[in-house]
Amino acid sequence: MTTAVDNELLGMTMSSFNSLSLDPPLVLFSITKNAKSHGSWVRAGKVLIHVLEERQTDLSNRFARSLGDKWDGIDFSLTDDGLPLLEGAVAVYDCTAYAAHDGGDHTLFLVLVQRFQHVPSRRPLLFASGAYGKLADERGPAADWPLHLGW
């Protein structure tokens, strides 16, 4: 996820985001209140949510760090709104701030999706159970229904 606040470029790896509503198209994500950039994210009027490509683990790890120059040496451009657009993503959601709510030690952010673009030929980066993974190259045979569990 990326944004720009007060001419500062911000980027953060999110472990998940959720579709909240189709009408209007809202997405939900949360950020810990202890994050050094939390206040800037609260002030952000627009954000880009990037679904990284399966070969972008280094980029995911870079933006998961709390310190350092996350932008040094990576490929990105700026949108007309001045937001950093990462190269090579599977999908990008262009969003405006909609609401922010207290969520205990996190702030829950709701953003309104203004535009969406994706590249169907790219495969998404997956993260589960503390490790990166990939989608299987081929689907296995469909399960027989009803599924007999052998109880």
Side-chain angles (χ1 to χ4, degrees), residues 1-5 8-79 81-140 142-143 147:
M1 184 169 62
T2 63
T3 193
V5 176
E8 179 185 10
L9 300 180
L10 298 172
M12 180 179 285
T13 296
M14 303 298 297
S15 60
S16 68
F17 66 98
N18 305 336
S19 172
L20 180 64
S21 169
L22 293 176
D23 187 18
L26 297 175
V27 171
L28 168 103
F29 61 88
S30 65
I31 297 176
T32 180
K33 292 177 182 175
N34 290 334
K36 294 185 185 310
S37 59
H38 178 268
S40 295
W41 288 102
V42 170
R43 293 192 320 274
K46 292 185 64 73
V47 299
L48 296 178
I49 299 173
H50 300 77
V51 177
L52 297 180
E53 198 266 343
E54 69 182 1
R55 294 172 291 187
Q56 292 181 306
T57 56
D58 290 343
L59 190 58
S60 175
N61 288 332
R62 175 187 292 240
F63 282 99
R65 295 189 319 237
S66 63
L67 297 175
D69 187 359
K70 297 177 182 184
W71 300 98
D72 189 37
I74 64 167
D75 292 328
F76 73 95
S77 58
L78 294 178
T79 66
D81 295 324
L83 301 179
L85 176 64
L86 302 173
E87 300 296 325
V90 171
V92 179
Y93 296 78
D94 184 355
C95 307
T96 56
Y98 187 83
H101 299 285
D102 180 59
D105 61 357
H106 280 65
T107 298
L108 304 175
F109 293 91
L110 283 63
V111 293
L112 178 66
V113 178
Q114 300 289 336
R115 287 180 296 216
F116 169 79
Q117 66 184 50
H118 75 290
V119 181
S121 61
R122 294 181 183 160
R123 297 166 57 87
L125 177 63
L126 302 179
F127 187 82
S129 301
Y132 290 106
K134 293 183 180 183
L135 293 174
D137 287 332
E138 294 183 26
R139 292 184 181 199
L147 189 60

Report yes if the side chains of T13 and R65 come closer than 4.5 Å at any heavy-atom pair, otherwise no. no
With sequence neighbours left out, write down each residue that passes side chain to side chain contact (heavy atoms under 4.5 Å, CB included) with R55, or none if nothing qualifies. E53
Can you name the residues that form a salt bridge (Lys or Arg N to Asp or Glu O under 4.0 Å) with D102, not counting sequence neighbours? K33
Would you please name every residue forming a side chain to side chain contact (heavy atoms under 4.5 Å, CB included) with A44, sequence neighbours left out? T3, V5, V47
Enter the distance from L48:CG to M1:CE here, rounded to the nearest 0.5 Å. 10.5 Å
Within a strict 4.5 Å, meaning less than it, do heavy atoms of the V27 and I49 side chains meet? yes
Test of understanding: with side chain to side chain contact (heavy atoms under 4.5 Å, CB included), list the residues that count as partners of T32, not counting sequence neighbours. N34, A35, H106
About how many Å separate CZ of R43 and CD of E8, when rounded to the nearest 0.5 Å? 8.5 Å
Not counting sequence neighbours, list each pair that qualifies as a side chain to side chain donor-acceptor pair (under 3.5 Å) and has a residue in residues 17-30. none
If you take all heavy atoms of T2 and H50, which pair is closest and at what distance? OG1-CE1, 3.1 Å
Does CZ belonging to F76 count more than 12 external heavy atoms closer than 6.0 Å? yes
Pairs involving residues 125-136, ordered by first then second residue, that meet side chain to side chain donor-acceptor pair (under 3.5 Å) (sequence neighbours left out): S60-Y132, N61-Y132
Name all residues meeting the salt bridge (Lys or Arg N to Asp or Glu O under 4.0 Å) criterion together with R123; count only those two or more places apart in sequence or in a different chain, and write none if there are none. E54, D137
So which pairs with a foot in residues 15-46 pass ring pair (Phe, Tyr, Trp, His ring centres under 6.0 Å), sequence neighbours left out? F17-Y93, F29-F109
Quiz: residues 110-121 side-chain donor-acceptor pairs under 3.5 angstrom, not counting sequence neighbours:
from: Q114; atom 1: NE2; to: T96; atom 2: OG1; distance (Å): 3.0
from: R115; atom 1: NE; to: D94; atom 2: OD2; distance (Å): 3.1
from: R115; atom 1: NH2; to: D94; atom 2: OD2; distance (Å): 2.3

